[in-house]
There are 2 protein chains.
Amino acid sequence: MAESEQEAPIGMVALRLHRASEADFFARLGAAGYHDLRMRHSMLFDALESGGTRVSTLAARLGMSPQAMGELVDDLEASGYIERQNDPNDRRARLVVFTTKGEVALQRSYEIIAGMEEDYAAIVGKQRLASARETLTELLTAVEAPEQTS
Amino acid sequence: MAESEQEAPIGMVALRLHRASEADFFARLGAAGYHDLRMRHSMLFDALESGGTRVSTLAARLGMSPQAMGELVDDLEASGYIERQNDPNDRRARLVVFTTKGEVALQRSYEIIAGMEEDYAAIVGKQRLASARETLTELLTAVEAPEQTS
């Protein structure tokens with residue numbers, strides 16, 4: 001998206017804030033000892049259900065090929081965050097599940113995100129952050145609606 | 001980045017708004033007759049200086065290999081938005097420059113972005129949009145600073 005010369009479009013400000021907060025998140029994750037977790041890993045963490053999820057379902061959810069998702073699962077399995085188990089409901093199927101190490105990392109990432117929100121509220125003020133969030137949420141609900149994008 | 005169960009982190013709200021506004025932008029660009037322009041093209045438009053820019057410079061700016069950038073330039077040259085010219089200051093070098101068609105498209109994209117900002121201000125209110133932008137800009141300045149991300 002081209003950027004105006006004067007005031008940055010709100011969508012570009014949003015992109016910059018997303019990138020900055022993402023970098024902040026991974027810096028904090030690294031500081032917490034999780035140096036081996038990257039964006040592609042946390043995407044998988046998000047897509048993984050607590051009861052376990054099939055590789056094919058994870059692939060469809062994240063728009064990846066089953067092969068690419070298989071490699072990502074291999075990667076996280078090798079570092080001990082997840083493992084493959086037999087599906088108790090389908091003897092032919094395998095489920096990807098969190099290990100205890102993975103569950104601890106997931107919990108830690110939630111705490112980091114909560115800490116970031118607290119820090120951000122301290123930077124701009126709790127009320128202003130809440131107000132900005134409310135405005136953006138209202139705006140994106142309207143912009144995401146099909147009738148607004150035609 | 002993992003998402004909290006309750007209130008979405010501001011960085012994720014920002015990401016959703018960016019994606020929605022990006023989709024809105026390309027929908028409007030298509031409606032204006034520019035069906036052949038995609039994200040990768042508008043990135044190049046952004047990186048291209050009015051006096052012309054070398055392929056190697058464009059590649060470095062966008063973090064692409066010179067070969068991948070060369071293909072992107074070929075693509076936009078074939079559709080008539082840009083062209084390669086000899087660099088008047090260096091006989092061995094070639095510059096990528098906008099054609100008239102490309103300049104018109106660039107101007108049209110600025111108008112579309114300005115129109116989006118007006119529409120977004122109408123949805124949430126001009127003052128609220130300005131206030132949210134100010135809060136986000138202040139926040140991202142702090143978060144982007146190295147001492148905040150360590």
Side-chain angles (χ1 to χ4, degrees), chain A residues 1-5 7-29 31 39 42-43 45-46 105-106 109-110 112-114 116-117 119-121 123-125 128-145 148-150, chain B residues 1-5 7-29 31 39 42-43 45-46 105-106 109-110 112-114 116-117 119-121 123-125 128-145 148-150:
Chain A
M1 187 183 297
E3 198 162 342
S4 124
E5 295 303 308
E7 203 163 39
I10 189 73
M12 296 309 295
V13 175
L15 175 62
R16 277 185 65 196
L17 179 61
H18 168 68
R19 285 184 179 157
S21 69
E22 195 171 85
D24 189 11
F25 173 73
F26 284 100
R28 290 174 192 233
L29 204 59
M39 178 53 57
S42 67
M43 276 168 41
F45 273 37
D46 275 350
L106 184 68
S109 79
Y110 287 141
I112 287 170
I113 291 168
M116 287 167 61
E117 293 296 304
D119 291 349
Y120 294 175
I123 292 169
V124 295
R128 287 179 70 210
L129 185 64
S131 171
R133 185 202 315 271
E134 187 182 288
T135 300
L136 297 194
T137 303
E138 196 175 310
L139 179 57
L140 77 84
T141 302
V143 177
E144 281 176 347
Q148 293 288 342
T149 55
S150 63
Chain B
M1 187 184 296
E3 197 162 343
S4 117
E5 295 304 306
E7 204 163 36
I10 190 71
M12 296 309 296
V13 175
L15 175 61
R16 277 184 66 195
L17 179 60
H18 167 68
R19 285 184 179 157
S21 70
E22 195 172 84
D24 189 11
F25 173 72
F26 284 101
R28 290 174 191 233
L29 204 58
M39 178 54 56
S42 66
M43 277 168 40
F45 273 38
D46 275 350
L106 185 67
S109 78
Y110 286 142
I112 286 170
I113 290 166
M116 285 166 62
E117 293 296 303
D119 291 350
Y120 293 176
I123 291 169
V124 296
R128 287 180 69 210
L129 185 63
S131 170
R133 186 202 315 273
E134 190 182 288
T135 301
L136 296 194
T137 303
E138 197 175 308
L139 179 57
L140 76 85
T141 303
V143 177
E144 280 176 347
Q148 293 288 342
T149 55
S150 63

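Just so it is clear, the values below take in all heavy atoms, side chains as well, and ignore hydrogens, waters and symmetry mates. Naming convention: chains lettered A, B, ... in sequence-line order (proteins, then strands); numbering from 1 in each chain.
Looking only at heavy-atom pairs under 4.5 Å with chain B, the residue among A:Leu129, A:Leu29, A:Ile112 that has the most is A:Leu129. In terms of non-hydrogen atom pairs under 4.5 Å with chain B, the most contact-rich of A:Leu139, A:Asp119, A:Thr137, A:Val13 is A:Leu139. Between chain A and the residues B:Arg19, B:Glu138, B:Glu134, B:Arg133, the most heavy-atom pairs under 4.5 angstrom are made by B:Arg133.
A:Arg128 contributes atom CZ, which lies 6.5 Å from atom OG of B:Ser131 (distance to the nearest 0.5 angstrom). The CE atom of A:Met116 lies 7.5 Å from the CZ atom of A:Phe25; values are rounded to the nearest 0.5 Å. Atoms OG and CZ, from A:Ser21 and A:Arg16 in turn, are 12.5 Å apart once rounded to the nearest 0.5 Å.
Using a 4.5 Å heavy-atom threshold, the side chains of A:Tyr120 and A:Leu17 count as separate.
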